[in-house]
**Student:** 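After the structure tokens below, expect a handful of questions from me.
Hydrogens, waters and symmetry mates play no part in the numbers below; they use all other heavy atoms, side chains included. Since the model is a prediction, treat every value here as computed from it, not as a measurement. Sequence lines set the chain letters: A, B, ... in the order given, protein chains first and strands last, and positions in each chain run from 1.
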Amino acid sequence: MRVRFAPSPTGYLHVGGARTAIYNELLRQSLGGCHILRIEDTDKARSDEAMTSQIVAALRWIGVEWDEGPVLQSAGLERHRAAARQLLAEGKAYHDFVPPAEVEARRQEAQRKKENFRYKDCFAPPPKAEVERRLEAGEPYAVRFRMPEEPIVVRDLVRGEVTFGREHLDDLIILRSDGTPTYHMSVVCDDVAMAITHVIRGEDHLSNTPKHVALFRAFGAPVPAFGHLPLILGPGKKRLSKRTGATSVEEFRARGILPQALYNYLALLGWSPGDGREIMSREEMIAAFTVERLGSSAAVFDHDKLAWMNAQYMSRLPLPEILAHLQPFVDRLGLGGVDGERLAGAVDLHRTRAKTLEELAGFLVPYFQDSLEYDREACARFLAQEDLPDHLEALIGRLRRLPSFDADSIEAALRGLADERGLKAGVLIHPTRMALTASKAGPSLFELVAAMGQSATLRHLANFVRFLRSAPTAGP
RNA sequence: GUCCCCAUCGUCUAGCCAGGUCAGGACUCCAGCCUUUCAAGCUGGCAACACGGGUUCGAAUCCCGUUGGGGACACCA
């Protein structure tokens, strides 16, 4: 069993492409065999070396593995050209001297008349003598493959039998007038050369498949099994576009999605193990994967569900792994050289409260910032309590003298103080949380204080008391 | 326009191939529990077989049509 993932380097790796790669990998891993990464860079004008390395990097990041490659399709150009010449020599292809503009004109005319257009119905291949004469004269020509006059049936792994009537099969160009092979030529040549047994690709290739099947047959090569995956759609079942959110793997990475989460989410968009499992490791997916369970209808990309899945991975993955993925986001906030142990403690405390790494990194800022900005409106109820600064100063005193700065001791100190002063613990808890994080919401206060550490806690508390005193009480 | 593909809660889906269960799960949303807040977690709730014909004792499931959505119709890949 030999499969390949064959992206064209004309842009960033799209989530649809990533999913195709994932299914290819899953198939290969579950059945054993070889997974080849082949870059379809036949079109020099639209191909970009930077994009190739970009795609390879994105694939590595999301965790797709392959056995061979990346192989550049352009490296086989001479071989593809020779194969086309061979078809020409065997009479399976012919010289086409018709200028592209003329074909185009006929095509548009047919369109206008709402008629089915076929090249072969409009232009007959010239007789041998004429071909030789025009060749001699140095006229430019393309090489066109002769499509067999019979319907072609594709046995698709996800769709079953698909029949293409012969009246819709047209001769196609396999060698351009500049001598370069076209996509269809190169794909089939390489699939033959690589002995590909299963072609798993996007549904946009389904209508190309009869051309490929005919080419395989012309080469006398075994026709691989095909599986055409439905496309990924955007909201409203419209084409997925950047307008409605990220579409490339790179964007999700930049937004703080974990590779495991994106892999898992994409794998489940069009495939299911059938037993209701959703959060699955790559190994579990490999064990459960079969092409029979691939869905045949297009799926709408749901950013909310991806966010949920990402949150699941953020709270479940081993802490060091989260830390590694979080590093770039931490660096971006200028927290690069910060105390690693404190950082890890804070991350562990906040990981169940964020949907993305970006958001998680944001929670870390108060731990390492000298002073915080407090929002007057959010602090209104604290500003209204005249004796609060005094209580907080007492709390500062207790916390300063604490021999061990752990959550239990902190809790005992705070509750003890509240009892002595006849206060409910919440009267101290809520303003303290605000003081430390400039936010009403957050982790359990005692754990928060412990993770914050003694010096930052005292500093923030003192700043907050100053804020409460400096700001005149607002409102009635 | 022509050809091809697809059609179960708003979304992802199980069930379909080998017709017979209150059509199951997940995300979102809502409510409750937990609780010092917010998350997480737990419990419960709202919500679907596109439509019309057949076949059959019986259809989400098989067949045909309609509608809707998507893809392809290049000397792009």
Side-chain angles (χ1 to χ4, degrees), chain A residues 6-10 40-43 45-47 73 96 98-100 103-104 107 110-118 140-144 154 156 158-160 162-165 167-170 172-178 180-184 186-187 202-210 228 230-231 233 235-239 265 268-279 292-293 295-309 311-312 315 350-355 411 414-415 424-430 432-434 439-446 448:
Chain A
S8 54
T10 52
E40 314 252 297
D41 60 343
T42 313
D43 184 4
R46 297 204 309 160
S47 293
Q73 184 159 70
D96 171 13
V98 183
V103 182
E104 189 50 36
R107 191 193 315 281
Q111 268 274 349
R112 209 169 43 245
K113 289 188 196 157
K114 302 187 189 304
E115 280 170 359
N116 183 35
F117 173 82
R118 277 161 108 214
Y141 66 94
V143 175
R144 212 174 261 272
V154 177
D156 193 278
V158 340
R159 279 151 223 287
V162 183
T163 305
F164 296 86
E167 64 276 17
H168 299 288
L169 301 176
D170 197 7
L172 65 139
I173 289 182
I174 54 178
L175 219 51
R176 302 186 185 95
S177 47
D178 67 357
T180 59
T182 58
Y183 166 75
H184 300 297
S186 294
V187 171
E203 192 190 13
D204 47 339
H205 286 292
L206 183 54
S207 41
N208 287 331
T209 307
H228 288 94
L231 269 19
L233 304 177
K237 293 199 186 291
K238 298 295 173 201
R239 202 190 169 91
Y265 176 73
L268 251 39
L269 204 57
W271 173 80
S272 92
D275 56 14
R277 281 181 296 167
E278 296 214 293
I279 303 292
E292 289 75 34
R293 296 208 59 85
S296 53
S297 57
V300 173
F301 195 97
D302 184 354
H303 290 271
D304 280 340
K305 186 148 185 180
L306 172 62
W308 166 79
M309 196 165 272
Q312 289 293 313
S315 34
H350 290 273
R351 63 201 301 201
T352 60
R353 275 163 254 264
K355 297 241 185 247
E411 176 160 14
L414 185 144
R415 289 197 191 279
K424 293 178 95 173
V427 173
L428 296 176
I429 287 173
H430 298 299
T432 302
R433 176 178 294 107
M434 177 59 75
S439 164
K440 287 176 171 176
S444 158
L445 184 81
F446 310 114
L448 171 66

**Student:** What does rA50(B) pair with, Watson-Crick or G-U, if both distances are under 3.5 Å?
**Tutor:** rU66(B)
**Student:** Please determine, for rG44(B), whether a Watson-Crick or G-U wobble partner exists with both distances under 3.5 Å, and give it or none.
**Tutor:** rC30(B)
**Student:** Tell me, for nucleotides 8-13 of chain B in 5' to 3' order, what letter each nucleotide earns: B for a base near a protein heavy atom under 4.0 Å, S for only sugar-phosphate near one, - for neither?
**Tutor:** ---BBS
**Student:** What are the two closest heavy atoms between Y265(A) and V300(A), and how far apart are they?
**Tutor:** OH-O, 4.1 Å
**Student:** Kindly say whether S272(A) contributes a backbone atom to a donor-acceptor pair with the side chain of R293(A) at under 3.5 angstrom?
**Tutor:** yes
**Student:** Does S296(A) get its side chain close enough to the base of rC6(B), under 3.5 Å, for a donor-acceptor pair?
**Tutor:** no
**Student:** Surrounding CZ of R239(A) (heavy atoms of other residues, nucleotides or ligands, distance under 6.0 Å), is the total greater than 12?
**Tutor:** no
**Student:** How far does the C1' atom of rC49(B) sit from the matching atom of rA60(B), given to the nearest Å?
**Tutor:** 4 Å
**Student:** Would you compute the distance between atom NZ of K355(A) and atom CG of L306(A) and round it to the nearest 0.5 angstrom?
**Tutor:** 10.5 Å
**Student:** Reckon Q312(A) has a side-chain N or O less than 4.0 Å from the OP1 or OP2 of rA39(B)?
**Tutor:** no
**Student:** Please check if the side chain of R118(A) supplies one atom and the backbone of E167(A) the other of a donor-acceptor pair under 3.5 Å.
**Tutor:** yes
**Student:** When the distance from CZ of R107(A) to C1' of rC75(B) is rounded to whole Å, what number comes out?
**Tutor:** 10 Å
**Student:** Applying the Watson-Crick and G-U wobble criteria at under 3.5 Å, what pairs with rG1(B)? Answer none if nothing qualifies.
**Tutor:** rC73(B)
**Student:** Considering only the P atoms, how many Å lie between rA48(B) and rG24(B), rounded to the nearest integer?
**Tutor:** 11 Å
**Student:** Is any side-chain heavy atom of F117(A) less than 4.5 Å from a side-chain heavy atom of V103(A)?
**Tutor:** yes
**Student:** Between rG71(B), rC75(B), rG70(B), which one does the side chain of L233(A) approach most closely?
**Tutor:** rG70(B)
**Student:** Could you pick out which residue, G274(A) or G426(A), lies toward the 5' side of RNA chain B when each is mapped onto its nearest nucleotide?
**Tutor:** G274(A)
**Student:** When you measure from the side chain of R159(A) to the backbone N and O of H228(A), does any donor-acceptor pair fall under 3.5 Å?
**Tutor:** yes
**Student:** If pairing requires Watson-Crick or G-U wobble contacts with both distances under 3.5 Å, which nucleotide is the partner of rC22(B)?
**Tutor:** none
**Student:** Take atom CD of E40(A) and atom P of rA77(B), then tell me their distance rounded to the nearest Å.
**Tutor:** 9 Å
**Student:** Write down the distance separating the C1' atoms in rG45(B) and rC62(B), rounded off to the nearest Å.
**Tutor:** 36 Å
**Student:** Identify, between S207(A) and G165(A), the residue whose nearest nucleotide on RNA chain B lies closer to the 5' end.
**Tutor:** G165(A)
**Student:** Report yes if the ring of H168(A) lies under 5.5 Å from the six-membered base ring of rA72(B) with planes under 30°, and no otherwise.
**Tutor:** no
**Student:** Of the nucleotides rC38(B), rA77(B), rC75(B), which one has an atom closest to the side chain of R353(A)?
**Tutor:** rC38(B)
**Student:** Heavy atoms under 4.0 Å, any strand shown: does F446(A) hit a base, just sugar-phosphate, or nothing?
**Tutor:** base
**Student:** Looking only at the side chain of L206(A) (C-beta and beyond, no hydrogens), which of the listed nucleotides rC4(B), rA77(B), rU28(B) gets closest?
**Tutor:** rC4(B)
**Student:** Of the listed nucleotides (rC75(B), rU37(B), rU28(B)), which one gets closest to any side-chain atom of S444(A)?
**Tutor:** rU37(B)
**Student:** If we ignore hydrogens and angles and just use 3.5 Å, is the side chain of T182(A) paired with the main-chain N or O of I173(A) as donor and acceptor?
**Tutor:** yes
**Student:** Can you measure D96(A) atom CG to rA74(B) atom C1' for me and round it to whole angstrom units?
**Tutor:** 13 Å
**Student:** Report the distance from atom OH of Y183(A) to atom C1' of rC73(B), rounded to the nearest whole Å.
**Tutor:** 15 Å
**Student:** Starting the side chain at C-beta, find the nucleotide from rU36(B), rC75(B), rA40(B) nearest to R144(A).
**Tutor:** rC75(B)
**Student:** Rounded to the Å, how far apart are R118(A) CZ and rU2(B) C1'?
**Tutor:** 13 Å
**Student:** Below 4.0 angstrom from OP1 or OP2 of rG25(B), is there any side-chain N or O of R277(A)?
**Tutor:** no
**Student:** Taking rG54(B) as the reference, what is the distance to rC73(B) when you measure between their C1' atoms (whole Å, please)?
**Tutor:** 34 Å
**Student:** Write down the distance separating the P atoms in rU43(B) and rA26(B), rounded off to the nearest Å.
**Tutor:** 9 Å
**Student:** Classify the side chain of T352(A) versus the base of rA39(B) as yes if they form a donor-acceptor pair under 3.5 Å and no if they do not.
**Tutor:** yes
**Student:** Looking only at heavy atoms, what is the nearest atom pair of P273(A) and L268(A), with distance?
**Tutor:** CD-CD1, 4.3 Å
**Student:** Base, sugar-phosphate alone, or nothing: which one does P230(A) contact when heavy atoms must sit under 4.0 Å apart?
**Tutor:** nothing
**Student:** Could you work out which one of rC4(B), rA77(B), rA40(B) sits closest to the side chain of F164(A)?
**Tutor:** rC4(B)
**Student:** Could you check whether H350(A) gets within reach of a base, just the sugar-phosphate, or nothing at all, counting any heavy atom under 4.0 Å?
**Tutor:** nothing
**Student:** What is the minimum heavy-atom distance between L414(A) and A425(A), and which atoms define it?
**Tutor:** CD2-O, 4.1 Å
**Student:** Nearest to the side chain of R239(A), which nucleotide is it out of rG71(B), rC27(B), rU36(B)?
**Tutor:** rG71(B)
**Student:** Confirm from the modelled atom types if R159(A) and rC5(B) form a donor-acceptor pair under 3.5 Å, side chain to base only.
**Tutor:** no
**Student:** Please state the P separation for the pair rA39(B) and rA31(B) - nearest whole angstrom.
**Tutor:** 12 Å
**Student:** Take the protein atom CZ of R433(A) and the nucleotide atom P of rU36(B), then report the distance between them rounded to whole Å.
**Tutor:** 11 Å
**Student:** Taking the C1' atom of each, how far is rA50(B) from rA59(B), in whole Å?
**Tutor:** 16 Å
**Student:** Just how far, in rounded Å, is P of rG25(B) from CD1 of I279(A)?
**Tutor:** 18 Å
**Student:** For L231(A) and rG71(B), give me the distance from atom CG to atom C1', rounded to whole Å.
**Tutor:** 7 Å
**Student:** Taking the side chain from D156(A) and the backbone from V162(A), do they hold a donor-acceptor pair closer than 3.5 Å?
**Tutor:** no
**Student:** Looking only at atom C1', what distance separates rG20(B) and rU56(B), rounded to whole Å?
**Tutor:** 12 Å
**Student:** If pairing requires Watson-Crick or G-U wobble contacts with both distances under 3.5 Å, which nucleotide is the partner of rA14(B)?
**Tutor:** none
